Engineer: 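Let me begin by handing over the structure; questions about it come next.
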Amino acid sequence: MQEAYEPASVEREAQAFWESRDSFRSTEDRAKPKFYCLSMFPYPSGKLHMGHVRNYTIGDVLTRYYRMRGYNVLQPMGWDAFGLPAENAAMANRVPPAEWTYDNIAYMKSQLQSLGFALDWSRELATCKPDYYRWNQWLFTRLFRKGLAYKRTGIVNWDPVDQTVLANEQVIEGRGWRTGALVEKREIPMYFLRITAHAEELLAALDDLPGWPEQVKLMQKNWIGRSEGVRIGFPYRLENEDRVLWVFTTRADTLMGATFMAVAAEHPIALHAARQDPELARFVDECRKGAVTEADLAQIEKKGMPTGLFVSHPLANEKIPVWVGNYVLMGYGEGAVMGVPAHDERDYEFALKYKLPIKPVIRHPLGDTVPAPWRPEYAEYGVCINSGKYNGLNYQQAVDAIAADLEAKGLGEKQVQWRLRDWGISRQRYWGTPIPIVHCAACGDVPVPDAELPVVLPEDVVPDGTGNPLAKRPQFYQTKCPQCSRPANRETDTMDTFVDSSWYFARFACPDQDRAMVDERAMYWMPVDQYIGGIEHAILHLLYSRFIQRVMRDESLMPGLSEPFTNLLTQGMVLAESYYTDASGRRDWINPADVVVQRDSKGRIASAKTKDGRDVIYDGIGTMSKSKNNGVDPQALIDKYGADTARFFIIFASPPTHTLEWSDEGVEGSFRFLRRLWKFAASSHAIPELSSKEARFEIHTVLKQANYDMQKQQFNTVASAAMKILNALEKSPSREGLSILLRLLSPVTPHITHHLWRELKFGEDIMKAPWPEPDAAALEQDEVELVVQVNGKLRGSIRVPKAADRAAIEELARANPNVQRFVAGQNVKKVVVVPGRLVNLVI
RNA sequence: GCCGGAAUGGCGGAACCGGUAGACGCAGCGGACUCAAAAUCCGCCGCCCGCGAGGGCAUGAGAGUUCGAGUCUCUCUUCCGGCACCA
């Protein structure tokens, strides 16, 4: 056996072995339980980043573990290949997005292969290929015919210079990223998927997902946002016509305290008033500029302006002024809210600012009045006051009575409201799935018939950042109406890339199927038993996938299967330190790989310099980003230490759900461990079968804990366990211990363990060996150590026979000299004995 | 702003059901080997007091429950993720 550990040759050899046997190809096998392990597929951005390596290493550890546990395992890989970055790269490099994407896929695939992941490459798919996205189109036409996909207007960011729609990411401080022009909101026709039709089910089913983290379920629950309230109508007269302004509120009990109405700038009533009032028109115009995101909207200064219009209070003989408010969202509820300043913080601020009346109608813990400043107690539930016939009623009684009275007048009813909005899928962009609709002057919006699918996206387009590239291509959009055969235009919008990623997991079961979206093989592999990906996908991607799974279920593609992911592991982000040099106020970001750190005698950072000796400033730890130049390239790491070291460090450094802080020294330590393992194995040809009794107890205790941690998916302590076992083996070597160690480690570092397993003649293929289990006999102990506390403070320890009873334990504890010092002359009130753990004397 | 997390030595982290805080590793310090260095091996390593035995303090801050709290409850601070067109 070779003396030195050379990862490159070991890894090349192991990968060749797997490839020659096609080790990772999966087929349906009903003799074994199946385990479908899926990591979120990557966007082919150019090269792998650390987040990818972490995600796929975690998935691979699980895959290889379940394989050794006897499961029929599937772990596939594909490419989330449509998206905005390809268009940005195209503009920068004058290369078509398709070419850029395919090049990236080829390179990243080679990187994944060099990491030794147990992937079934025969199932590889890319969402930008017509044989994939035709099924996006097929499903869309089904939904369109059912009314589950429909067209209405939606609000987008509009760059007036480039005449193009911008993604939220492309709006920097209210301006277009390329032009710097002030971004406007614009209403354009769009297609929506009616996810709200499934809101109730998507919410209720969360309770049946025990394999999902509570935090993710809670976030989804709040996102769907079911609230019970009352829809209330405020009548008014406009242009000699009786109309009603509708609002939704969860606080109908405060209706008698409503002193103004606020409507969104896009609300018809606002637009009408603006036609008469130039000042209001300016304000409405201002509201329509700037932010579209909820985060921005929530933080802007609340502003308003009166429309001059009044509505009638539905239950009192009062007129209420209607204002336009920049904080009211047209997309949520009715686009209008009632203002109850006395009991709502935002309304309170608004009323103070614009000197609107504040009328308390609820008795709150601080009393019957609401003096400034605002106190949270004002918003609490209480009995009605100043509310006429409703006085004295509590929250529920008041809501019931008011809802009944409104209903009698035809001006209201109880209603369930959802925060969840329908999913707008239209994108005015090129690199995505063409929406399969033909616009015919005579027939309207006609879905493309199945026989004419896919509507193929041309791959030779280079977008220039202005307008929608497909809308400039007559050869794409000019077509005939499928119904009447007259000349017609294709839809030139493409689909949100979230559509692509909302069903790819099912397609992996049957990527070669060209007659259906999925076939019966999906019913074998689905649902995904273990899904792994970043916490940043906790809401959108996972919710859309749960929705589309239900849509596929309802199309009889996977009958009865509602949830796509049984178990979910949300991995933390990968962070790194960042450094910069300060040259007269200009920050020059230095990659951590090029920084040399000096430490003081206590190990703290004393100073840091670049390799050529310039002082650098430490900027703390954060996500790896281009702007701070703190990305660590996994390829450099693999080239230097090999895949096993990279995998081991990433698993060892942090539990999978936590953020991982990158450390070059830590990587060095992981490499040292593998080299020690290699050296130990190389010198192990004539070692005993079993270790000493103490070492064996240690090894099996650690193994027992490691198996428990494996179940908990706390892989970092499994890696620690492997180190502990090697430490024990170095004191007392054994074939048994080495065999346990190699198998325990094989999911994390498959190459080196593959090589050593064969080298030491344990067998031909470690992947086919059974997972190690602790030996109950090795765990037996005659004596146990107990800790003795006095008043909860540690004062000594005693060794007692395993079978010792309470009285014997207590006597031994009192006999301990140090314990006696603290107990002497005092009255022991109580003795707590925790078997196998401790004794606590309370004095 | 709203929703969801996180916080433990110089650093990453461990501590299962509320029961010895700091496993394992990194960095650091001391030693062996070496002409020297690297590599490797051995020892030390939370803070304070003490020659020592030992004692006190300590899990972001403040309170509470308990014989006993990193772990449970409440309040607060800071950082991170998401907020519907980044993926």
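Reminder, nothing fancy here: chain letters follow the sequence lines and each chain counts from 1. It should be emphasised that the depicted structure is a prediction, and the values quoted were computed from it without experimental measurement.
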Engineer: Contact class for Val156(A) (heavy atom, under 4.0 Å): base, sugar-phosphate, or nothing?
Structural biologist: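 Answer is base: heavy atoms of Val156(A) come under 4.0 Å of a base.
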
Engineer: Measure from CE on Met723(A) to P on C24(B) and round the result to the nearest Å.
Structural biologist: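 Met723(A) atom CE is separated from C24(B) atom P by 11 Å.
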
Engineer: Under 6.0 Å between ring centres: does that hold for Tyr133(A) and Phe82(A)?
Structural biologist: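 Under 6.0 Å, so yes.
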
Engineer: Is there a donor-acceptor contact under 3.5 Å from the side chain of Gln428(A) to the main chain of Asn468(A)?
Structural biologist: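 Looks like no, no N/O pair under 3.5 Å.
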
Engineer: On a whole-Å scale, what distance lies between the P atoms belonging to A21(B) and A69(B)?
Structural biologist: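 Between the two P atoms, the distance is 10 Å.
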
Engineer: Do Glu668(A) and Arg672(A) sit within salt-bridge range, that is, some charged N less than 4.0 Å from a carboxylate O?
Structural biologist: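 Judged by the 4.0 Å cut-off on N to carboxylate O distance, Glu668(A) and Arg672(A) do not form a salt bridge.
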
Engineer: Without hydrogens or angle criteria, can the side chains of Asp709(A) and Thr717(A) be said to hold a donor-acceptor pair below 3.5 Å?
Structural biologist: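 The answer is yes; a qualifying pair exists.
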
Engineer: Would you indicate, yes or no, if G55(B) has its OP1 or OP2 atom less than 4.0 angstrom from a side-chain nitrogen or oxygen of Asn818(A)?
Structural biologist: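 Yes, Asn818(A) has a side-chain N/O under 4.0 Å of OP1/OP2 on G55(B).
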
Engineer: Answer with base, sugar-phosphate or nothing: what part of the nucleic acid does Leu218(A) contact at a heavy-atom distance below 4.0 Å?
Structural biologist: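 It contacts sugar-phosphate atoms only.
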
Engineer: Classify the side chain of Glu665(A) versus the base of C11(B) as yes if they form a donor-acceptor pair under 3.5 Å and no if they do not.
Structural biologist: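 Side chain to base: no pair below 3.5 Å.
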
Engineer: Considering only side-chain heavy atoms of Phe822(A), which listed nucleotide, G55(B), G4(B), A39(B), is closest?
Structural biologist: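 Shortest atom-to-atom distance from the side chain points to G55(B).
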
Engineer: Of the nucleotides C26(B), G19(B), G5(B), which has the atom closest to the Arg672(A) side chain?
Structural biologist: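 The closest nucleotide is C26(B).
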
Engineer: So Arg346(A), base contact, sugar-phosphate only, or nothing? Heavy-atom distance under 4.0 Å.
Structural biologist: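 The residue Arg346(A) makes no contact with any strand.
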
Engineer: Measuring to OP1 and OP2 of G82(B), would you say a side-chain N or O of Asn222(A) lies under 4.0 angstrom away?
Structural biologist: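 Looking at the OP1 and OP2 atoms of G82(B), neither is under 4.0 Å from any side-chain N or O of Asn222(A).
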
Engineer: Within the distance-only criterion (no hydrogens, no angle test), does the side chain of Asp500(A) pair as donor or acceptor with the backbone N or O of Asp80(A) below 3.5 angstrom?
Structural biologist: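 It does not hold such a pair.
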
Engineer: Can you check whether any acceptor in the base of G1(B) is under 3.5 Å from a donor in the side chain of Gln299(A), or vice versa?
Structural biologist: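 A donor-acceptor contact between them is present.
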
Engineer: Of the nucleotides C17(B), A84(B), C85(B), which has the atom closest to the Tyr708(A) side chain?
Structural biologist: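 The nucleotide sitting nearest to the side chain is C17(B).
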
Engineer: For the pair Arg186(A) and Glu184(A), find out whether any cationic side-chain nitrogen is under 4.0 Å from an anionic carboxylate oxygen.
Structural biologist: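 Salt bridge absent between Arg186(A) and Glu184(A).
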
Engineer: Once you round it to whole Å, what is the distance between P of C85(B) and CE of Met190(A)?
Structural biologist: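 Value for this atom pair: 7 Å.
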
Engineer: Of all the choices, C16(B), G12(B), A23(B), which nucleotide is nearest to the side chain of Ala653(A) once you look at every atom?
Structural biologist: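 The answer is G12(B), which lies nearest to the side chain.
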
Engineer: Please check if the distance between the ring centroids of Tyr504(A) and Trp79(A) is under 6.0 Å.
Structural biologist: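 They do not qualify: ring centres at least 6.0 Å apart.
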
Engineer: A87(B), OP1 or OP2 - any side-chain N/O from Thr497(A) closer than 4.0 Å?
Structural biologist: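 Yes.
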
Engineer: Using the C1' atoms only, state how far A87(B) lies from G81(B), rounded to an integer number of Å.
Structural biologist: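 About 14 Å, rounded to a whole number of Å.
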
Engineer: What pairs of nitrogen or oxygen atoms, one from the protein and one from nucleotides 64-71 of chain B, lie under 3.5 Å apart?
Structural biologist:
unit_1, atom_1, unit_2, atom_2, d
C67(B), O2, Asn840(A), ND2, 2.5

Engineer: Would you say the base of C85(B) and the side-chain of Gln428(A) have a donor-acceptor pair closer than 3.5 Å?
Structural biologist: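 Pair found.
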
Engineer: Side chain of Val787(A) only, heavy atoms from C-beta on: which candidate in U20(B), G25(B), C3(B) is closest?
Structural biologist: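 So the side chain of Val787(A) is nearest to U20(B).
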
Engineer: Look at the side-chain N and O atoms of Arg795(A) and state whether any lies under 4.0 Å from the OP1 or OP2 oxygen of U20(B).
Structural biologist: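 Negative; the distance criterion is not met.
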
Engineer: In whole Å, what separates the P atom of A27(B) from that of G12(B)?
Structural biologist: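 15 Å, rounded to whole Å.
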
Engineer: Between Asp159(A) and Thr164(A), is there a side-chain donor-acceptor contact under 3.5 Å, judged purely by atom types and distance?
Structural biologist: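 Side chains of Thr164(A) and Asp159(A): no pair found under 3.5 Å.
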
Engineer: Base, sugar-phosphate alone, or nothing: which one does Phe192(A) contact when heavy atoms must sit under 4.0 Å apart?
Structural biologist: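 Nothing: the residue Phe192(A), judged by heavy atoms under 4.0 Å, touches no strand.
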
Engineer: Do Phe649(A) and Trp662(A) have their ring centres less than 6.0 Å from each other?
Structural biologist: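 Close enough - the centres of the two rings lie under 6.0 Å apart.
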
Engineer: Just call it for Lys793(A): base, sugar-phosphate, or nothing, with non-hydrogen atoms closer than 4.0 Å on any strand.
Structural biologist: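 Sugar-phosphate, no base atom in range.
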
Engineer: Which part of the nucleic acid, if any, lies within contact of Phe498(A), taking any heavy atom under 4.0 Å across all strands shown: a base, the sugar-phosphate backbone alone, or nothing?
Structural biologist: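 Base contact.
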
Engineer: Which part of the nucleic acid, if any, lies within reach of Arg419(A) when heavy atoms closer than 4.0 Å are counted: base, sugar-phosphate only, or nothing?
Structural biologist: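 Since a base atom lies under 4.0 Å of Arg419(A), the category is base.
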
Engineer: Which nucleotide in the set A87(B), A14(B), C24(B) lies at the smallest distance from any side-chain heavy atom of Lys724(A)?
Structural biologist: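 For the Lys724(A) side chain, the nearest candidate turns out to be C24(B).
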
Engineer: If you only use heavy atoms from C-beta on, which nucleotide in A14(B), C3(B), A84(B) is closest to the side chain of Leu420(A)?
Structural biologist: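 The answer is A84(B).
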
Engineer: Could you tell me whether Pro42(A) contacts a base, only the sugar-phosphate backbone, or nothing, with contacts defined as non-hydrogen atoms closer than 4.0 Å?
Structural biologist: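 Contact class for Pro42(A): none.
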
Engineer: Taking Watson-Crick (N1-N3 plus N6-O4 or O6-N4) and G-U wobble (N1-O2, O6-N3), each under 3.5 Å, can you produce the dot-bracket string of RNA chain B? Use [ ] for crossing pairs and | for inter-strand ones.
Structural biologist: (((((((..(((......[....))).(((((.......))))).((((....))))..(((((..]....))))))))))))....

Engineer: Which nucleotide in the list G55(B), C83(B), G19(B) gets nearest to the side chain of Trp223(A)?
Structural biologist: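 Side chain of Trp223(A) sits closest to C83(B).
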
Engineer: Any salt bridge between Glu87(A) and Arg427(A), counting N to O under 4.0 Å?
Structural biologist: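 No, this pair does not count.
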
Engineer: Suppose you measure atom C1' in G19(B) against the same atom in G62(B); what distance do you get, rounded to whole Å?
Structural biologist: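 That atom pair is separated by 25 Å.
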
Engineer: Classify the nucleic acid contact of Thr659(A) as base, sugar-phosphate or nothing, counting any heavy atom under 4.0 Å across all strands shown.
Structural biologist: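 Sugar-phosphate contact only.
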
Engineer: Between Arg676(A) and Val216(A), name the one whose nearest nucleotide on RNA chain B is closer to the 5' end.
Structural biologist: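 Comparing both residues, the 5'-ward one is Val216(A).
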
Engineer: Quick one: label Gln714(A) by what it contacts on the DNA or RNA (base, sugar-phosphate, nothing), any heavy atom closer than 4.0 Å.
Structural biologist: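 Since only primed, P, OP1 and OP2 atoms lie under 4.0 Å of Gln714(A), the category is sugar-phosphate.
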
Engineer: Quantified in whole Å, what is the C1' atom distance between nucleotide G13(B) and nucleotide G4(B)?
Structural biologist: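 The same atom, C1', in both gives a distance of 23 Å.
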
Engineer: For Arg427(A), which contact category applies under a 4.0 Å heavy-atom criterion: base, sugar-phosphate, or nothing?
Structural biologist: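 Base: the residue Arg427(A), judged by heavy atoms under 4.0 Å, touches a nucleobase.
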
Engineer: Please work out if Val165(A) contacts a base, only the sugar-phosphate, or nothing of the nucleic acid, heavy-atom cut-off 4.0 Å.
Structural biologist: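 Counting heavy atoms under 4.0 Å across all strands, the contact made by Val165(A) includes a base.
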
Engineer: How far does the C1' atom of C45(B) sit from the matching atom of G9(B), given to the nearest Å?
Structural biologist: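 These two C1' atoms come out 10 Å apart once rounded.
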
Engineer: Regarding Asp709(A), tell me which of base, sugar-phosphate or nothing describes its non-hydrogen contacts under 4.0 Å with the strands shown.
Structural biologist: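 Nothing: the residue Asp709(A), judged by heavy atoms under 4.0 Å, touches no strand.
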
Engineer: Taking atom C1' in both G18(B) and G68(B), compute the distance separating them and give it to the nearest angstrom.
Structural biologist: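 Between the two C1' atoms, the distance is 8 Å.
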
Engineer: How far, in whole Å, is G50(B) from G5(B) if one measures between their C1' atoms?
Structural biologist: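 It works out to 44 Å between them.
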
Engineer: Among C3(B), A87(B), U20(B), which nucleotide has an atom closest to any side-chain atom of Leu838(A)?
Structural biologist: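 Per side-chain heavy atoms of Leu838(A), the pick is U20(B).
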
Engineer: Phe648(A) vs Phe652(A) aromatic rings, parallel, tilted or perpendicular, using cut-offs 30° and 60°?
Structural biologist: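 Taking Phe652(A) first and then Phe648(A), their aromatic rings lie parallel (interplane angle under 30°).
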
Engineer: Determine: side-chain N/O of Ser720(A) to OP1/OP2 of G25(B), distance under 4.0 Å, yes or no.
Structural biologist: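 For G25(B), OP1/OP2 do not have a side-chain N/O of Ser720(A) under 4.0 Å.
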
Engineer: Evaluate side-chain hydrogen bond (donor to acceptor under 3.5 Å, both in side chains) for Thr293(A) paired with Asn168(A), printing each intermediate quantity in order.
Structural biologist: CA-CA 7 Å; Thr293(A) 71; Asn168(A) 288 337; 5.9 Å; no

Engineer: Would you say Trp503(A) and Asn136(A) are linked by a side-chain donor-acceptor pair, where the criterion is simply a distance under 3.5 Å?
Structural biologist: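 Judged by distance alone, the side chains do pair up.
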
Engineer: Glu301(A) CD to G1(B) C1': how many Å, rounded?
Structural biologist: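 Atom CD in Glu301(A) sits about 14 Å away from atom C1' in G1(B).
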
Engineer: Got a salt bridge between Glu730(A) and Arg676(A), using NZ or NE/NH1/NH2 to carboxylate O under 4.0 Å?
Structural biologist: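 Salt bridge flag = yes for Arg676(A) with Glu730(A).
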
Engineer: Classify the nucleic acid contact of Gln705(A) as base, sugar-phosphate or nothing, counting any heavy atom under 4.0 Å across all strands shown.
Structural biologist: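 Base: the residue Gln705(A), judged by heavy atoms under 4.0 Å, touches a nucleobase.
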
Engineer: Would you say Asn716(A) reaches C24(B)'s phosphate, i.e. side-chain N/O to OP1/OP2 under 4.0 Å?
Structural biologist: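 No, outside the criterion.
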
Engineer: From the list A84(B), U40(B), G19(B), which nucleotide is the closest neighbour of the side chain of Arg837(A)?
Structural biologist: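 The listed nucleotide nearest to Arg837(A)'s side chain is G19(B).
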
